[in-house]
Amino acid sequence: MRDGFVKVAAVTPRVTVGDPEANVKQMVERAEEMAAVGVRLLVFPELSITGYTCGDLFLTDTLLNGAREALYEYLYQTAELDLVTILGMPLEHHRRIYNTAVAVSGGRVLGVVPKSYLPNHKEFCESRQFVPGEPDMGEVLLGDDSAPFGTRLLFQDTWIPEFTFSIEICEDLWMLLPPSSEHAASGALIIANLSASSELVDKSEYRRDLVVGQSGRCICGYIYADAGEGESTSDTVFAGHNMIAENGHMLAENKPFSAEDVAITEIDLGRLRSMRRQMTTLSLHAARERENYRRIVFDIGAPKETILTREVPRMPFVPTNPDKRREVVQEATMIQVTSLSKRLEHIRCHDAVIGLSGGLDSTLALLVTVAAFDRLGLDRKGIHAITMPCFGTSDRTHDNAMKLATELGCDFREIDIRASVKQHFADIGQSEDVHDVVFENAQARERTQVLMDIANQVNGLVIGTGDLSELALGWCTYNGDHMSMYGVNASIPKTLIRFLVQYYADEAPNDELKQVLKSILETPVSPELLPPEDGEISQRTEDIIGPYELHDFFLYHMMRTGASTEKLLRLAGHAFKGEYDEDSIKKWLDVFMKRFFSQQYKRSCVPDGPKVGTVSLSPRSDWRMPSDVSDVLWRV
């Protein structure tokens with residue numbers, strides 16, 4: 001469970017209806033299998049000891065006593081396993097029968113949770129056999145021991161306090177106010193649901209939405225173990241739809257009627273804990289609810305290494321699903337266009353000025369500006385695309401900038417700044433032969449001055465082109481490309497920008513525009529501030545500061561999931577296995593941390609710009625950090 005990962009599983013064993021002894025034998029075998037691969041929390045379906053479809057047999061002493069004896073056998077057979085199991089069984093308590101979930105570990109019962117809401121519909125009328133549970137129903141005697149009994153139980157590991165879970169049963173999730181909402185508010189980071197949900201046409205999709213949605217609302221891991229093969233088919237069929245979700249994302253799933261009967265993965269408790277810290281409203285509710293819960297502490301041994309099997313996307317800002325990716329791209333584009341339209345409309349501005357380099361960032365900024373002008377019904381000639389060649393400009397980027405502006409119908413101007421930069425060098429006593437930071441930044445600042453002055457000439461707005469990745473690394477010239485009047489790319493990372501430009505290319509109205517966008521997409525990322533070699537770009541950004549896909553990965557998991565430096569190394573090693581070795585990841589992570597902390601002063605005074613995704617570095621709304629804070633704790 002290092003770095004907050006805990007391996008969990010939802011398992012659907014084949015049941016024999018009404019035969020607890022046979023069912024428990026199956027469950028013991030599956031528990032041994034799960035413990036062998038490091039599972040620490042195992043969830044079986046609703047009424048798994050007896051089978052869900054026993055009907056009025058639940059009212060008989062024979063079945064109730066058989067279920068108890070089978071439970072005791074399970075406790076004995078699994079006493080040495082380092083895991084917690086949650087299994088379902090009917091249980092008589094105070095002369096009433098309850099549909100319960102029993103949490104067991106180390107050969108003892110930790111606690112018993114009765115079902116809160118009993119279905120009373122055509123397929124099943126549980127209220128015929130069972131009564132609903134209540135928050136605190138004292139203790140229940142099981143063998144020689146008693147265990148807490150009630151709907152409000154929190155189970156917490158002694159070694160890893162964040163490994164805290166609660167339980168609800170099937171129908172509970174479908175209610176207007178699911179018990180899991182209160183469980184989560186009271187401290188549970190994992191919700192286990194023992195279910196027997198009959199299969200109907202289209203029901204699985206709705207069930208899936210419930211599980212994913214509840215995991216998102218509760219900022220929790222949600223384990224859903226569903227009944228399956230072996231249940232009676234007199235009137236209904238069960239399909240073993242097991243699911244494990246985390247904060248609105250499905251991590252593992254057995255499709256209904258599939259051959260798979262195990263959903264197994266790792267839940268990131270560290271990520272959930274970090275995200276809950278940011279949700280202050282959840283904390284307020286927790287203060288009111290926590291006092292009504294009984295906390296049960298368990299010990300399944302010291303934390304062990306958890307081998308990661310869950311998918312860790314290399315580009316967390318870009319969805320892996322192509323359909324979802326297209327949806328995200330369209331939404332991001334609309335946010336950019338809408339925000340810029342509002343700004344132009346508010347200040348009654350009919351002109352925009354953009355420094356067009358022929359690279360990805362300025363290309364996206366121009367495409368967004370064109371869309372905003374079209375939305376407002378403004379003449380595209382009011383968009384002044386300025387290319388400013390200097391010492392590092394290559395023929396490829398120069399030609400692409402010109403073609404792009406022409407194809408889009410914008411006002412295109414070329415202003416060669418070599419002479420003005422050379423004059424500046426003469427004024428400050430800088431040799432043109434010394435290619436140091438002064439040589440580079442003087443060009444960037446001259447370009448910004450030209451754009452600002454032209455904006456004054458046309459009564460226009462300078463549109464910023466810098467992106468989120470550059471802001472995170474401070475890879476911009478202070479009071480140069482760092483500054484604009486509105487930054488449309490301010491919260492879009494480099495990895496997503498590429499997909500946004502690709503989207504515009506796919507939607508291009510003609511082949512000419514499509515071809516120039518394709519050429520821009522194939523151009524190496526470069527500030528082009530050093531002279532080209534043989535006409536080709538000599539200064540490649542990723543050779544200097546590292547791959548943007550790594551930096552965007554570090555940024556997302558540090559900001560969004562609260563990952564420590566050690567955890568970042570582990571996650572990156574898992575996500576980029578086979579592409580970057582451990583030493584390379586360490587090297588670039590150290591570069592990221594060093595630059596992120598040392599360059600905060602640039603982020604403290606950035607222009608306005610729209611928040612597009614879940615991560616933003618705006619000093620006004622999303623990220624407040626001293627410019628002189630120490631980076632010691634975060635360095636590799």
Side-chain angles (χ1 to χ4, degrees), residues 351-370 380-408 410-428 430 432 435-467 470 475-489 516 519-520 523-532 535-541 607:
D351 290 81
V353 179
I354 299 178
L356 195 60
S357 68
L360 280 174
D361 291 351
S362 62
T363 294
L364 179 59
L366 180 59
L367 291 166
V368 167
T369 305
V370 167
R380 290 188 183 184
K381 290 299 181 182
I383 302 172
H384 308 278
I386 316 297
T387 188
M388 292 164 280
C390 199
F391 310 123
T393 304
S394 65
D395 292 340
R396 177 174 184 163
T397 54
H398 172 272
D399 292 345
N400 281 339
M402 179 177 63
K403 291 176 183 177
L404 180 64
T406 302
E407 287 298 328
L408 292 173
C410 305
D411 173 42
F412 176 73
R413 295 174 60 181
E414 180 177 331
I415 300 175
D416 194 313
I417 63 170
R418 290 181 181 87
S420 56
V421 173
K422 287 182 178 181
Q423 179 60 54
H424 180 62
F425 284 164
D427 292 340
I428 65 172
Q430 169 76 13
E432 295 178 31
H435 296 169
D436 57 6
V437 67
V438 177
F439 180 87
E440 295 186 41
N441 286 351
Q443 300 172 67
R445 292 196 176 99
E446 177 62 23
R447 286 177 173 134
T448 300
Q449 175 175 276
V450 169
L451 295 175
M452 292 290 182
D453 290 342
I454 291 177
N456 288 159
Q457 284 182 332
V458 301
N459 194 29
L461 195 73
V462 175
I463 307 300
T465 62
D467 62 51
E470 293 175 344
W475 189 250
C476 53
T477 300
Y478 193 89
N479 204 34
D481 53 313
H482 157 260
M483 191 49 58
S484 67
M485 295 174 181
Y486 196 75
V488 293
N489 297 339
V516 69
S519 178
I520 291 169
T523 302
V525 177
S526 171
E528 291 197 312
L529 296 173
L530 296 179
E536 298 294 328
I537 294 172
S538 63
Q539 188 181 24
R540 296 173 181 252
T541 299

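Below, each value reflects all heavy atoms present in this structure, side chains not excepted, and no hydrogens, waters or symmetry copies.
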Report task. State, with a plain yes or no, whether a side-chain heavy atom of Met402 is found less than 4.5 Å away from one of Glu414. Result -> no

Report task. Establish, from distance only, whether the side-chain atoms of Asp453 and Gln457 form a donor-acceptor pair under 3.5 Å. Result -> no

Query raised in the report: Below 4.5 Å, heavy atoms only, C-beta onward: do Tyr478 and Arg445 meet side chain to side chain?
Result: yes

**Report entry** Residues in side-chain hydrogen bond (donor to acceptor under 3.5 Å, both in side chains) contact with Ser394, at least two apart in sequence or another chain
**Finding:** Thr397, Glu528

**Report entry** Straight-line distance of Ile463 CD1 to His384 NE2, nearest 0.5 Å
**Finding:** 11.0 Å

Query raised in the report: Just wondering, more than 12 heavy atoms not from Asn459 lying within 6.0 Å of its CG?
Result: no

**Report entry** Shortest non-hydrogen contact between Gly358 and Ser362, atoms and distance
**Finding:** N-OG, 3.8 Å

Query raised in the report: Taking only residues two or more places apart in sequence or in another chain, which ones pass ring-ring contact (aromatic ring centres under 6.0 Å, His included) with Phe439?
Result: Phe391, Phe425, His435

Query raised in the report: To the nearest 0.5 Å, what is the distance between CD1 (Ile520) and OG1 (Thr363)?
Result: 3.5 Å

Query raised in the report: What do the steps show when you test Glu440 against Gln539 for side chain to side chain contact (heavy atoms under 4.5 Å, CB included), and what is the final call?
Result: CA-CA 11 Å; Glu440 295 186 41; Gln539 188 181 24; 3.1 Å; yes

Query raised in the report: Just wondering, do Asp481 and Arg447 contact through their side chains at under 4.5 Å, heavy atoms?
Result: no

Report task. Determine, step by step, whether Ile428 and Val438 satisfy the side chain to side chain contact (heavy atoms under 4.5 Å, CB included) criterion, reporting the C-alpha distance in whole Å, the side-chain angles of both residues, the deciding distance to 0.1 Å, and the verdict. Result -> CA-CA 10 Å; Ile428 65 172; Val438 177; 4.0 Å; yes

Requested in this report: Output, in order, the C-alpha distance, side-chain angles, deciding distance and verdict of side chain to side chain contact (heavy atoms under 4.5 Å, CB included) for Gln430 and Asp436.
Outcome: CA-CA 10 Å; Gln430 169 76 13; Asp436 57 6; 3.0 Å; yes

**Report entry** Straight-line distance of Ile383 CD1 to Leu408 CG, nearest 0.5 Å
**Finding:** 8.0 Å

Requested in this report: Side-chain contact test, heavy atoms from C-beta onward, threshold under 4.5 Å: evaluate it for Met452 versus Met483 and give yes or no.
Outcome: yes

Query raised in the report: If we only count heavy atoms from C-beta on, is the Asp399 to Val516 side-chain gap below 4.5 Å?
Result: no

Query raised in the report: Could you give the distance from OG (Ser420) to CG (Asp427), rounded to the nearest 0.5 Å?
Result: 10.5 Å

Query raised in the report: In chain order, what residues pass the side-chain hydrogen bond (donor to acceptor under 3.5 Å, both in side chains) check against Arg540, with sequence neighbours excluded?
Result: none

Query raised in the report: Taking C-beta and beyond as the side chain, do Ile415 and Ile454 meet within less than 4.5 Å on heavy atoms?
Result: yes

Report summary line: Closest heavy-atom pair, Gln443 versus Ile417, reported as atoms and distance to 0.1 Å, is O-CD1, 3.8 Å

**Report entry** Side-chain heavy-atom pair Met485, Pro607 within 4.5 angstrom cut-off
**Finding:** no

Requested in this report: Test Glu470 against His482 for side chain to side chain contact (heavy atoms under 4.5 Å, CB included), laying out the working first.
Outcome: CA-CA 9 Å; Glu470 293 175 344; His482 157 260; over 6 Å; no

Query raised in the report: Do Thr465 and Ser484 come close enough that some side-chain heavy atom pair is under 4.5 Å?
Result: no

Query raised in the report: Rounded to the nearest 0.5 Å, what separation is found between the CG atom of Asn400 and the OG atom of Ser357?
Result: 10.0 Å

Query - Exercise: identify the closest heavy-atom pair between Ala455 and Val462 - result: CB-CG2, 3.6 Å

**Report entry** side-chain contact (heavy atoms from CB on, under 4.5 Å), paired with Ile354, selected from Leu366, Leu451, Val370, Val368
**Finding:** Leu366

**Report entry** Taking every non-hydrogen atom, the tightest pair across Ala401 and Thr387
**Finding:** CB-OG1, 4.2 Å

Report summary line: When rounded to the nearest 0.5 Å, the distance separating CG of Leu356 from NE2 of His398 is 10.5 Å

